[in-house]
Every structure is written in C-alpha cells, then in structure tokens.
Amino acid sequence: MMKLIFEGHACFRVICGGREILIDPYISANPLCQKEAAEFSPDFILITHGHGDHLGDAVPIARRCGATLAAQVDLVNAIDHKGVETVGFNLGGSFDFQGVRITMVPAWHGNGIAAGGNNVYAGLACGYIIDDGARKVYHAGDTALFGDMAAVISRYGIDCALLPIGDFYTMGPADAVTAAEWLQAETVIPMHYDTFPAIRQDAEAFRRAVEEKTDSRCVVLRPGEAWEM
Ligand code: NI
Ligand code: MN
C-alpha cells in the first residue's frame with residue numbers, strides 16, 4: 001500500500017514500505033500549511049528544485065531528524081548541506097532507497113536559490129517517479145507541459161500523477177488536462193495552486209475536466225488530506 005499525504009502547494013509525504021518520503025517541504029513559510037517543520041520526521045527528502053516554495057524547510061528537517069536529502073546534483077552542490085547525508089543524482093537516473101526505486105525525470109522550469117538578493121544558479125529542475133514495486137507515483141515538480149510526458153514518462157506506467165495546475169509559474173489547468181491525457185494514470189491529483197494570488201485556480205473545474213476528457217480519476221486534496229492507493 002502507498003499512502004500520499006498532501007501538505008499544501010507541492011509538498012507531499014509518500015508512505016510506503018514503512019518509510020516516509022517527504023517531497024518539497026515548503027512548510028513554515030507556506031500560508032496554506034498549518035503545520036510546523038518540527039512536526040515532520042521523514043526518512044528521506046526529495047527536492048524538485050531550489051525555489052523557496054520547494055526547497056523550503058528541507059535542510060533544517062534533514063539536520064534535525066537525520067533524513068537523507070536527494071536532489072539533482074547541481075542543486076545539492078549549491079546548498080549548504082553540512083551535517084546532512086545527501087544523494088546528488090541526475091535526469092534519467094534512478095537509485096534504490098531501501099526497496100523504493102526513485103527516478104529523476106525532466107521538468108521544464110528554472111532553478112535558482114535566492115541568496116541575499118543574488119540568485120544562485122542551481123542546475124536543472126526535475127520531477128520524480130517513486131516506485132515501491134507495486135505502485136508508481138509521478139511528482140511532476142514545477143513544469144510546463146512538454147511532449148516527453150507522452151514520449152517518455154508515460155512509458156513508466158504511472159499509477160498516480162501529481163500535476164501543477166496553478167498557471168503563471170507552471171502549466172495551467174488546460175495544459176495539465178493534456179498532461180493527464182498523455183500520462184494515462186489511474187489517479188490525478190492537482191497541486192501548486194491557490195498558495196499565492198497569481199496561482200488561484202478552480203480545482204473542482206479541473207477535476208471535472210480531467211474526468212470528462214480522460215479515463216483518470218481526479219482527486220482534489222486539501223492540505224492535510226491523504227489518498228491511499
Ligand atoms: Ni519553481
Ligand atoms: Mn513553485
């Protein structure tokens with residue numbers, strides 16, 4: 001069984017095989033997340049890119065609870081990760097985390113770290129496929145719609161796709177419906193919307209559009225809600 005808990009914006013906890021993988025822990029500065037970073041104790045942390053709404057509280061959480069932090073290698077090299085165990089891998093690559101296979105896939109987005117007014121280049125933004133041997137979940141990260149979702153990512157046989165729908169910084173709802181058509185996942189969950197005024201969206205309208213135009217079920221989660229596969 002794989003359980004996904006939505007923590008707002010692009011942050012999900014993936015629980016499988018008795019392990020907890022935390023993705024993009026934007027907790028303390030997230031206006032939609034009521035939790036404290038101190039409440040999280042994952043075994044593993046995955047970061048899609050260095051923007052503040054994704055890197056978030058990752059390093060302090062990893063330092064406190066000893067979680068391993070994994071990201072694209074240039075991002076790992078760009079952050080101060082002293083005292084944190086890291087995995088710096090790259091697009092197309094996979095590795096095994098205690099029986100869970102994690103694959104890094106492309107995302108079309110910028111990637112930098114705001115450092116006192118200077119933006120530090122931080123490599124390539126990415127998405128992830130997490131495969132516990134029974135289920136595969138695809139976290140798209142921040143991305144535009146791109147053709148390799150159809151040509152490459154759909155080949156993995158995704159069970160659940162976590163797709164940004166906010167527009168402005170990422171693809172909007174119409175392109176996310178096209179992504180859902182291409183990915184053919186059993187379940188689609190929208191993310192990266194409503195957190196800021198620029199990305200307000202009608203998630204219920206997105207849900208209806210996905211279910212009209214694809215064979216996928218669309219599940220809209222509020223922060224704190226879970227979905228079990
Ligand atoms: Ni971003
Ligand atoms: Mn973002």
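Source: prediction; values computed, not measured. Just follow the structure's listing: the first ligand is 1, and inside any ligand the first atom is 1.
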Report the C-alpha distance between Asp175 and Thr170 in whole Å, list the side-chain angles of each, state the deciding distance to 0.1 Å, and finish with yes or no for side-chain contact (heavy atoms from CB on, under 4.5 Å). CA-CA 10 Å; Asp175 282 350; Thr170 68; over 6 Å; no
Distance flag, aromatic centroids of Tyr128 and His139, threshold under 6.0 Å: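 So the answer is no for these two rings.
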Give a yes or no on whether Asp53 keeps an N, O or S atom under 2.8 Å from the Ni ion (ligand 1).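 It does not; every qualifying atom lies at 2.8 Å or beyond.
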Within less than 2.8 Å of the Ni ion (ligand 1), any N, O or S from His51?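 Short answer: yes, at least one N, O or S atom is under the cut-off.
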Do you know which N/O/S atom name in [X] is closest to the Mn ion (ligand 2)?
X: His54; value: NE2
X: Asp142; value: OD2
X: Asp53; value: OD2

Flag the pair Asp96 and Arg101 as a salt bridge only when some basic side-chain nitrogen lies within less than 4.0 angstrom of an acidic carboxylate oxygen.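 So Asp96 does not pair with Arg101 through a salt bridge.
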Under a 4.0 Å threshold between the charged nitrogen and the carboxylate oxygen, would Arg217 count as salt-bridged to Glu211? no
Is the shortest heavy-atom distance from the side chain of Asp131 to the side chain of Val100 under 4.5 Å?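 The answer is no, as the side chains (C-beta and beyond) never meet within the 4.5 Å cut-off.
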For the Ni ion (ligand 1), which N, O or S atom of Asp142 is at the shortest distance? OD2
Is Ile189 linked to Leu163 within one hydrophobic cluster, defined over Ile, Leu, Val, Met, Phe, Trp and Tyr using a side-chain heavy-atom separation of less than 4.5 Å?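 Looking at the clustering, Leu163 is in a separate group from Ile189.
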Output yes if His9 passes the N/O/S-under-2.8 Å test against the Mn ion (ligand 2); output no otherwise.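 Under 2.8 Å: His9 has no N, O or S contact with the Mn ion (ligand 2).
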Taking 2.8 Å as the cut-off, does His192 contribute an N, O or S atom near the Mn ion (ligand 2), distance below it?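 Coordinating: yes.
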NE2 (His49) - the Ni ion (ligand 1) - NE2 (His109) angle, nearest 10°: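 Rounded to 10°, it measures 100°.
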Which heavy atom of Trp182 sits nearest to which heavy atom of Phe146, and what is that distance? CZ3-O, 3.4 Å
